[in-house]
Amino acid sequence: SISKAINTQEAPVKEKHARRIILGTHHEKGAFTFWSYAIGLPLPSSAILSWKFCHVLHKVLRDGHPNVLQDCQRHRSNIREIGDLWVGGGVREGLSTFLGAPGVSSFPQPLRSGPHFPLCSFQLTVEMFDYMDCELRLSESVFRQLNTAIAVSQMSSGQCRLAPLIQVIQDCSHLYHYTVKLMFKLHACLPADTLQGHRDRFHEQFHSLRNFFRRASDMLYFKRLIQIPRLPEGPPNFLRASALAEHIKPVVVIPEEAPEDEEPENLIEISTGPPAGEPAVVADLFDQTFGPPNGSLKDDRDVQIESLKREVEMLRGELEKIKLEAQRYVSQLKGQVNALEAELEEQRKQKQKALVDNEQLRHELAQLRAAQREGERNQGLDLLEKLKEELEAKARELVRAQEALTRTEQSGSELSSRLDALSAEKAALSSAMRQRDADLQAAQGLAREKEAALSREQQRSAQETAQLRGQLADKESQEQELQRRLLDEQFAVLRGTAAEAERILQDAVAKLDDPLHLRCTSSPDYLVSRAQAALDAVSALEKGHAQYLVSRSDASALVAALTQFSYLAADTIVNGSATSHLAPTDPADRLVDTCRECGARALELLGQLQEQQTLHQAQPSLVRRPLQGILQLGQELKPKSLDVRQEELGAMVDKEMAATATAIEDAVRRIEDMMNQARHASSGVKLEVNERILNSCTDLMKAIRLLVTTSTSLQKEIVESGRGAATQQEFYAKNSRWTEGLISASKAVGWGATQLVESADRVVLHTGKYEELIVCSHEIAASTAQLVAASKVKADKHSPHLSRLQECSRAVNEMAANVVASSKSGQEQIEERGAILSGLAGLQVRVLELEKTLEAERVRLGELRKQHYVLAGAVGTPSDEDPGRPSAAPRSGASKKPPLAQKPSVAPRQDHQVPASAASKGCSPLPHGQVQCP
């Protein structure tokens with residue numbers, strides 16, 4: 001019944017199961033069986049299970065045996081732990097209510113008057129108020145859940161939450177009644193002002209309780225299970241003593257349930273605990289696996305049969321014990337009676353002997369008296385005196401005999417009284433024996449009836465067992481089929497994982513011969529870390545493979561290990577190939593061959609894992625040797641320049657930081673020198689570009705110098721806060737990895753500053769490229785970021801030096817961006833000016849060529865004219881006016897020819913010349929006498 005009442009089904013607890021549990025507590029006079037079963041319930045794993053457990057516990061505390069309270073107090077800590085775990089859902093309020101439930105039966109006791117009545121009643125009223133608050137919080141929590149989930153009282157989930165409120169309604173009705181009576185009694189013996197807080201708290205609880213009863217009355221679920229009382233419209237007036245007569249006790253009525261036909265034996269209380277023995281354990285396992293068949297009738301009958309058998313055996317044992325004890329007691333009494341009878345007989349003999357002695361003494365006395373009388377006559381006075389002495393001695397002896405007889409009579413009377421008491425006790429024992437015999441006969445009759453019922457139940461059980469065996473065979477066949485399907489599905493998952501892993505490794509092996517992969521590079525340190533992780537994955541793969549061979553129904557461990565192994569092995573192969581591109585020829589060839597062998601071994605292993613026949617032959621350990629080879633080659637390829645003893649790390653950090661600061665200072669001075677040289681050696685656009693680039697480089701160097709100074713201060717703070725009692729060198733030696741990273745970052749910053757200055761020098765001298773300057777700027781930004789990261793690892797996040805270092809890092813990034821922007825804009829400006837100048841130079845060359853050709857044509861024209869003039873002078877007749885003809889011809893020719901001879905003269909040449917001031921600024925000539933300047 002406990003397992004049926006407390007389960008994970010979201011349904012209310014059946015009343016018949018709760019009734020059986022309560023009857024069990026009365027039968028065993030405690031709750032030992034209930035708690036022995038309840039302790040094993042997985043309450044932390046299910047809120048429904050915990051809720052139904054609290055419901056049943058509340059019923060047991062209310063209606064169970066009085067000893068239930070003591071048994072439950074031992075498990076108070078367990079109940080509070082469950083309440084702390086399930087804070088939500090009303091469980092915590094329910095636990096508080098359940099822990100206080102036993103107090104209902106003790107409320108009326110303090111109402112009687114006594115010397116400490118006011119104080120006790122005052123404290124009891126406070127405790128009842130607290131109890132009522134717990135009950136009301138529980139009801140509010142349940143109603144709040146129903147409103148949130150939009151549940152109704154006719155759904156099983158809603159009924160599961162509403163069922164415990166029946167006990168809450170019962171408790172609240174008693175609490176309300178006793179609280180009203182206590183309040184009236186307190187007002188009768190205490191001032192009204194003292195109880196003002198009690199009245200306010202009662203009024204608040206009254207309205208909450210009235211609202212709770214009203215809401216519960218409107219639900220269909222409560223209407224058929226409980227009759228909820230109605231409270232008055234207003235709370236009682238405690239200031240008026242006569243108002244107590246107007247108070248009506250709220251009565252909760254629970255209708256009687258109709259008997260259930262399917263289980264007619266539920267009125268007989270059976271076991272007090274779980275059935276013992278191997279058959280019960282087997283039945284329990286069967287029920288857990290396949291569920292209780294036919295409403296669990298077979299289980300109850302078996303439990304009844306076992307219980308009746310145990311009761312009969314127990315009664316028989318008790319009867320035998322009683323018989324043995326009675327026989328032993330009777331034998332003891334008989335022995336005592338015989339001893340007393342023997343003692344009485346001896347006393348009787350002594351009494352008879354005393355009587356005989358008395359008679360003899362009397363006879364002797366008579367003889368002595370006769371002899372005295374005769375002696376007086378015959379012998380004389382001496383003999384008479386002697387006889388008197390003997391007579392007195394005999395008289396004393398007679399007195400002693402009489403006293404002994406008296407004592408014997410008294411002891412006889414005492415023995416007679418003791419014998420009467422023993423006789424009465426014997427009669428009582430005989431009546432007890434007869435009663436025991438009657439009880440034994442009744443028990444035997446009941447046992448015979450139970451045995452007859454047992455035989456009938458055994459016949460019925462035999463039929464049901466046959467049916468259950470058939471069902472069990474069907475279940476076993478279904479279980480075997482499900483087991484086979486589970487194995488197939490697990491192997492299918494393993495095969496799919498192995499196939500996907502095979503594709504990953506094939507892709508990685510293909511990159512060994514991929515020409516596009518030749519430009520990819522990697523460091524030996526990263527290769528070593530990947531190879532070590534792959535070796536660890538091989539160990540996990542071996543463990544998962546062994547577990548799968550032991551139990552084929554669970555391949556989760558092998559699938560997880562296989563997935564991790566494929567990823568890490570492929571990553572190792574790819575990084576091995578990338579590392580070989582920067583390695584010497586011989587180690588590079590050996591590294592590629594080892595990677596190829598590792599891929600072949602891994603692919604062979606994955607192929608074996610995809611087949612059932614070769615699955616047990618797979619050996620993951622074969623992949624370990626090539627991975628170890630890759631690890632060894634990666635360690636051999638590590639640079640040896642950083643092999644510094646740990647004792648020298650501290651001095652080396654200071655040295656590198658000082659060297660970096662010196663390099664930055666030198667870079668700043670060189671940039672200033674280059675600035676001065678550029679101002680003397682260049683002008684115009686080139687001077688402007690050079691000044692812009694050198695100014696941005698100077699700003700970058702200043703930002704780097706500030707960052708290095710801040711990093712040094714932060715480094716000192718880290719060393720002082722972390723070294724404790726150790727020296728600075730010991731701190732650096734203890735944190736060698738962090739120290740090496742700091743040294744590497746410092747070297748990178750110094751080298752980047754030097755390269756930036758050299759690139760800027762080449763750009764200013766027109767022997768370098770602007771791209772080199774941009775690359776150097778990016779390298780410096782990355783190096784400073786590395787330095788900041790190395791300093792930030794061990795720094796306190798609230799350190800002011802760390803905040804300044806981060807600000808300096810952002811400033812360095814901004815200055816580096818300015819250098820890149822200046823380089824790009826200067827490059828574009830110089831290229832644009834070069835293009836313009838190259839175009840103008842071509843035009844000027846063409847103009848000069850044309851001018852040269854024009855001069856040659858002029859010379860040729862002059863020669864032709866001379867020849868023409870000579871020919872004209874030789875043909876003409878000489879006269880006085882002859883000397884004037886040659887001059888006339890030039891004048892007449894001058895009126896027509898001078899425009900042709902003078903058009904390409906000085907004027908065009910002057911149109912294309914540029915003033916010296918404009919040429920110094922990089923200006924170029926344009927047609928029509930115009931000049932273009934940048």
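Just so we're clear, the structure is a prediction, and the values are computed from it rather than from any experiment.
- If you take CD on Glu135 and CG on Leu165, they are separated by 9.5 Å, rounding to the nearest 0.5 Å.
- A distance of 11.0 Å separates OH of Tyr548 from OG of Ser556, quoted to the nearest 0.5 Å.
- The cationic atom of Arg230 (NZ for Lys, CZ for Arg) does not lie both less than 6.0 Å from the six-membered ring centre of Phe213 and within 45° of the ring axis.
- At distances below 3.5 Å, at least one donor-acceptor pair connects side-chain atoms of Ser50 with backbone N or O atoms of Leu43.
- We find the NE2-CG distance between His177 and Leu175 to be 11.5 Å, quoted to the nearest 0.5 Å.
- Under the 6.0 Å cut-off for aromatic ring centres, Phe129 and His198 qualify, their centroids lying closer than that.
- Side-chain contact between Leu61 and Cys72 is present, with at least one heavy-atom pair separated by less than 4.5 Å.
- Contact check for Gln170 versus Asp63: no side-chain heavy atoms found under the 4.5 Å cut-off.
- For the pair Asp71 (side chain) and Ala31 (backbone), a donor-acceptor distance under 3.5 Å is present.
- Gln196 and Asp200 are linked by a side-chain donor-acceptor pair at a separation below 3.5 angstrom, with hydrogens and angles left out of the test.
- Judged by distance alone, the side chain of Gln490 and the main-chain N or O of Ala555 form a donor-acceptor pair under 3.5 Å.
- Heavy-atom minimum distance, Ala216 versus Ile228: CB-CD1, 3.5 Å.
- Judged by distance alone, the side chain of Ser141 and the main-chain N or O of Leu138 form no donor-acceptor pair under 3.5 Å.
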What verdict does the side chain to side chain contact (heavy atoms under 4.5 Å, CB included) test give for Cys160 and Trp51, after you've listed the backbone C-alpha separation in whole Å, the side-chain angles of each residue and the deciding distance to 0.1 Å?
CA-CA 9 Å; Cys160 179; Trp51 180 256; 4.1 Å; yes
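- Scanning all heavy atoms of the two residues, the minimum distance from Arg199 to His187 falls at NH1-NE2, 3.0 Å.
- Of the possible polar contacts, none joining the Lys249 side chain to the Tyr176 backbone as a donor-acceptor pair under 3.5 Å is found.
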Determine, step by step, whether Phe238 and Leu244 satisfy the side chain to side chain contact (heavy atoms under 4.5 Å, CB included) criterion, reporting the C-alpha distance in whole Å, the side-chain angles of both residues, the deciding distance to 0.1 Å, and the verdict.
CA-CA 8 Å; Phe238 299 113; Leu244 179 60; over 6 Å; no
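- One finds a salt bridge joining Glu10 and Arg161 here, because a Lys/Arg side-chain nitrogen approaches an Asp/Glu carboxylate oxygen to under 4.0 Å.
- In this pair, Phe53 and Phe34 present their aromatic rings parallel. The plane angle is below 30°, not in the 30 to 60° band.
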Show the numbers, then the answer: is there a side chain to side chain donor-acceptor pair (under 3.5 Å) between Gln459 and Arg456?
CA-CA 5 Å; Gln459 293 177 359; Arg456 292 193 298 270; over 6 Å; no
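- For the atom pair CG of Leu124 and OH of Tyr131, the computed distance is 12.5 Å after rounding to the nearest 0.5 Å.
- The side-chain heavy atoms of Arg210 and Glu233, taken from C-beta on, include a pair separated by under 4.5 Å.
- Atom CG of Leu57 sits about 11.0 Å away from atom CD of Gln167, to the nearest 0.5 Å.
- Here the CD atom belonging to Gln547 is positioned 9.0 Å from the CG atom belonging to Leu558, to the nearest 0.5 angstrom.
- In this structure, Trp35 and His75 have parallel ring planes: the angle between them is below the 30° cut-off, well short of the 60° mark.
- Looking at Ser208, its side chain does come within 3.5 Å of a backbone N or O of Glu204 through a donor-acceptor pair.
- The closest side-chain heavy-atom distance from Thr125 to Phe202 is not below 4.5 Å.
- Annotation: side chain of Lys223 is in contact with side chain of Leu220 (closest heavy-atom distance under 4.5 Å).
- Atom CG of Leu487 has more than 12 heavy atoms from other residues, nucleotides or ligands within 6.0 Å.
- For the residue pair Gln205 and Asp133, a side-chain donor N or O sits within less than 3.5 Å of a side-chain acceptor on the partner.
- Under the 3.5 Å distance criterion, the side-chain polar atoms of Lys59 are left unmatched by any main-chain donor or acceptor of Arg19.
- Residues Lys309 and Leu454 are in side-chain contact: their nearest non-hydrogen atoms beyond the backbone lie under 4.5 Å apart.
- The side-chain heavy atoms of Gln227 and Val252, taken from C-beta on, include no pair separated by under 4.5 Å.
- Between Ile166 and Leu225, the closest heavy-atom pair is CD1-CD1, 3.9 Å.
- Between Ile226 and Ile169, the shortest heavy-atom contact is CD1-CG2, 3.9 Å.
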Evaluation steps, side chain to side chain contact (heavy atoms under 4.5 Å, CB included), between Gln9 and Ile48
CA-CA 7 Å; Gln9 297 180 358; Ile48 299 300; over 6 Å; no
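- Using a 4.5 Å cut-off on side-chain heavy atoms (C-beta onward), Val493 and Glu489 make no contact.
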Arg240 and Glu246: CA distance, side-chain angles, deciding distance, salt bridge (Lys or Arg N to Asp or Glu O under 4.0 Å) verdict:
CA-CA 11 Å; Arg240 186 168 54 89; Glu246 302 173 3; 3.4 Å; yes
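- A salt bridge links Asp488 and Arg484; the closest N-O separation between the charged side-chain nitrogens and carboxylate oxygens is under 4.0 Å.
- Of all the heavy atoms in Ser173 and Pro250, the pair that sits closest is O-CG, 3.7 Å.
- Electrostatic pairing of Arg316 and Glu313 counts as a salt bridge here, judged by a charged N lying under 4.0 Å from a carboxylate O.
- Scanning both residues, His17 and Ala5, for their nearest heavy atoms gives CB-CB, 3.9 Å.
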